[in-house]
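Structure first, commentary second.
Just so it is clear: chains get the letters A, B, ... in the order the sequence lines come, proteins before strands, and each one is counted from 1.
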Amino acid sequence: MAKPPRPPESEPELMVRARALAGRRVGELATELGATCPPDLRRAKGFVGGLVERALGADAASRALPDFSRLGIELKTLPVDGRGKPVESTFVCTIPLTEVAVLEWGSSPVYRKLRRVLWVPVEGDRALAPAARRFGEPLLWSPDTQEEADLRFDWEELAGIIGRGDVETVTGHLGRCLQVRPKAANSRARRRGTDRDGASVDVLPRGFYLRATFTAQLLCAHFVLPSSARGVGGA
DNA sequence: GATTGATCATGT
DNA sequence: ACATGATCAATC
């Protein structure tokens with residue numbers, strides 16, 4: 001692998017780097033970084049995400065910090081179709097099953113992860129070889145008033161159910177913008193949880209994910225109009 | 001066609 | 001083991 005850039009020291013510096021990706025292809029970037037593009041992502045699901053981390057100078061690699069630790073910004077690549085619409089949900093965080101009952105929205109891992117996110121759209125059509133996929137225009141995003149209210153609503157519903165010890169009743173159907181789905185090596189994986197009586201039980205690990213409908217809406221809204229023109233904050 | 005549940009690779 | 005990065009593929 002070649003030249004890992006310094007972490008960006010400011011948001012503008014990060015955005016200059018991120019915008020420079022727009023219109024370029026995954027394969028070119030891989031070549032520059034000395035990486036080899038896989039023929040498909042079946043056995044390399046995090047390949048594009050890792051590539052962009054390195055290209056932009058993310059420094060948190062596998063630590064419990066935002067990708068750009070100094071700036072407090074999380075990086076998410078977002079696979080989109082030919083019209084710019086997300087084709088996959090977005091993983092947010094694993095669910096701390098034994099703690100969720102005690103967490104408030106403001107102290108929740110969902111809130112912390114989503115406070116500030118750099119979205120980097122990338123073509124995600126499976127018919128396109130990974131190397132041929134182009135990057136889109138990045139969006140540095142924080143939830144606006146309505147988005148945060150929506151996220152909070154779902155968090156309270158889902159965390160409430162899990163906090164009561166009913167994680168096994170939660171399916172991916174619940175939640176308007178957030179959902180709960182498995183997050184594990186396989187369906188036999190187990191991690192410590194709490195049942196309805198407060199007893200310790202081993203359950204399938206799960207994570208919070210953003211629905212594609214939610215990321216579609218946020219891309220559209222924040223690209224089409226700047227937040228100041230949408231009456232954010234109550235106008 | 002959209003969605004849910006299952007799964008893959010890598011690093012600490 | 002569990003965190004990071006996600007997409008695959010069966011099913012609705």
Side-chain angles (χ1 to χ4, degrees), chain A residues 1 4 7 21 26 29-30 33-69 73-83 85-100 109-110 112-114 117-133 135 154 158 167-193 200 202-217:
Chain A
M1 311 294 173
L21 294 178
V26 171
L29 188 61
L33 295 175
T36 303
C37 251
D40 62 63
L41 299 181
R42 243 177 319 188
R43 305 211 153 244
K45 298 182 179 183
F47 179 80
V48 179
L51 207 58
V52 175
E53 283 184 345
R54 286 162 46 207
L56 299 183
D59 61 334
S62 297
R63 294 186 293 151
L65 289 171
D67 293 290
F68 303 99
S69 57
I73 294 172
E74 180 71 18
L75 172 66
K76 291 288 185 192
T77 56
L78 185 59
V80 297
D81 67 16
R83 296 182 12 240
K85 186 181 158 196
V87 297
E88 289 288 351
S89 56
T90 300
F91 174 69
V92 179
C93 59
T94 55
I95 304 182
L97 295 168
T98 60
E99 301 164 36
V100 86
V110 175
R112 289 206 282 243
K113 277 276 185 182
L114 299 180
V117 178
L118 176 62
W119 298 100
V120 176
V122 59
E123 288 180 313
D125 181 348
R126 273 135 99 154
L128 260 185
R133 298 179 187 186
F135 293 105
D154 284 350
L158 298 167
V167 64
E168 299 286 32
T169 72
V170 177
T171 72
H173 295 93
L174 264 51
R176 300 166 59 90
C177 51
L178 264 186
Q179 64 179 168
V180 171
R181 305 225 305 279
K183 170 63 174 176
N186 57 62
S187 59
R188 287 141 267 142
R190 288 295 181 269
R191 97 179 297 189
R192 213 63 150 175
S200 190
D202 290 338
V203 298
L204 180 63
R206 295 152 198 260
F208 286 111
Y209 293 78
L210 295 177
R211 291 184 179 280
T213 49
F214 181 80
T215 51
Q217 176 209 277

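Spacing between atom CZ of A:Phe208 and atom C1' of B:dG5 amounts to 17 Å, rounded to whole angstrom units. Atom CG of A:Asp81 is separated from atom P of B:dT3 by 12 Å (rounded to the nearest Å). We find that CZ of A:Arg188 is positioned 17 Å from P of B:dG5, with the value rounded to whole Å. Protein atom OH of A:Tyr209 is 11 Å distant from nucleotide atom C1' of C:dG5, rounded to whole Å. The CD1 atom of A:Ile95 sits 14 Å away from the C1' atom of B:dG5 (whole-angstrom rounding). Nucleotide B:dC8 holds its P atom 16 Å from the CD atom of A:Glu88, rounded to whole Å. The nearest whole Å value for the distance from the CG atom in A:Leu51 to the P atom in C:dT7 is 13 Å. Residue A:Arg181 contributes atom CZ, which lies 16 Å from atom P of B:dC8 at whole-angstrom precision.
Picking from C:dA6, C:dC8, B:dT7 the nucleotide with the shortest atom distance to the side chain of A:Thr77 gives C:dA6. Residue A:Arg191 has its side chain nearest to C:dA3 when only C:dA3, B:dT3, C:dT7 are considered. Closest to the A:Leu204 side chain, of the nucleotides B:dA6, C:dT4, C:dC8, is B:dA6. Closest to the A:Lys183 side chain, of the nucleotides B:dA6, C:dT4, B:dT4, is C:dT4.
Listed pair A:Arg54 / C:dG5 fails the phosphate criterion, with no side-chain N or O lying under 4.0 Å from OP1 or OP2. The shortest distance between the side-chain N/O atoms of A:Lys113 and the OP1/OP2 oxygens of C:dA3 is not below 4.0 Å. Contact annotation: A:Ser187 side-chain N/O to B:dT7 OP1/OP2 distance is under 4.0 Å. Close to C:dC8, at under 4.0 Å from its OP1 or OP2, lies a side-chain N or O of A:Arg126. For the pair A:Lys85 and B:dA2, the criterion of a side-chain N or O lying under 4.0 Å from OP1 or OP2 is met.
A:Thr98 is linked by a side chain to side chain contact (heavy atoms under 4.5 Å, CB included) to A:Thr194, counting only residues two or more places apart in sequence or in another chain. Here A:Pro182 pairs with A:Leu204 under the side chain to side chain contact (heavy atoms under 4.5 Å, CB included) rule; sequence neighbours left out. Here A:Thr90 pairs with nothing under the side chain to side chain donor-acceptor pair (under 3.5 Å) rule; sequence neighbours left out. Here A:Arg211 pairs with A:Gln179, A:Thr213 under the side chain to side chain contact (heavy atoms under 4.5 Å, CB included) rule; sequence neighbours left out. Under the side chain to side chain donor-acceptor pair (under 3.5 Å) criterion, A:Glu53 pairs with no residue, sequence neighbours left out. Evaluation of the ring pair (Phe, Tyr, Trp, His ring centres under 6.0 Å) rule for A:Tyr209 yields A:Phe91 as partners, not counting sequence neighbours.
Looking at which nucleotide of DNA chain B each of A:Ala212 and A:Ala185 is closest to, the 5′-most match is held by A:Ala212. Each of A:Thr94 and A:Phe91 was matched to the nucleotide of DNA chain C holding its nearest heavy atom; the match closer to the 5' end belongs to A:Thr94.
Taking the screw axis at each terminus of the helix from B:dG1-C:dC12 to B:dT12-C:dA1 from five consecutive base pairs, the angle between the two is 20° to within rounding of 10 degrees.
Between A:Glu74 and A:Arg112 there is no salt bridge, since none of the side-chain N atoms of the basic residue sits less than 4.0 Å from a carboxylate O of the acidic one.
Among the atoms of the strands shown, none is found under 4.0 Å from any heavy atom of A:Pro205. The residue A:Ala184 sits close to a base: some heavy atom pair falls under 4.0 Å.
Among pairs with a residue in residues 184-193 of chain A, those fulfilling salt bridge (Lys or Arg N to Asp or Glu O under 4.0 Å) read A:Arg192-A:Asp202, at least two apart in sequence or across chains. For residues 88-97 of chain A, the set of pairs meeting the salt bridge (Lys or Arg N to Asp or Glu O under 4.0 Å) definition, not counting sequence neighbours, is empty. Counting only residues at least two apart or on different chains, the salt bridge (Lys or Arg N to Asp or Glu O under 4.0 Å) pairs with a member in residues 119-133 of chain A are A:Glu123-A:Arg134.
Residues A:Cys37 and A:Val26 have side chains in contact (heavy-atom distance under 4.5 Å, counting atoms from C-beta outward). Between A:Leu118 and A:Asp67, the closest side-chain pair of non-hydrogen atoms is not below 4.5 Å.
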task: Could you walk me through whether A:Phe214 and A:Ser89 pass side chain to side chain contact (heavy atoms under 4.5 Å, CB included), step by step?
output: CA-CA 9 Å; A:Phe214 181 80; A:Ser89 56; over 6 Å; no
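Scanning residues 37-49 of chain A for heavy-atom distances under 4.0 Å to DNA chain C yields A:Leu41, A:Arg42, A:Lys45, A:Gly46, A:Gly49. Taken residue by residue, residues 172-179 of chain A places no heavy atom nearer than 4.0 Å to DNA chain C.
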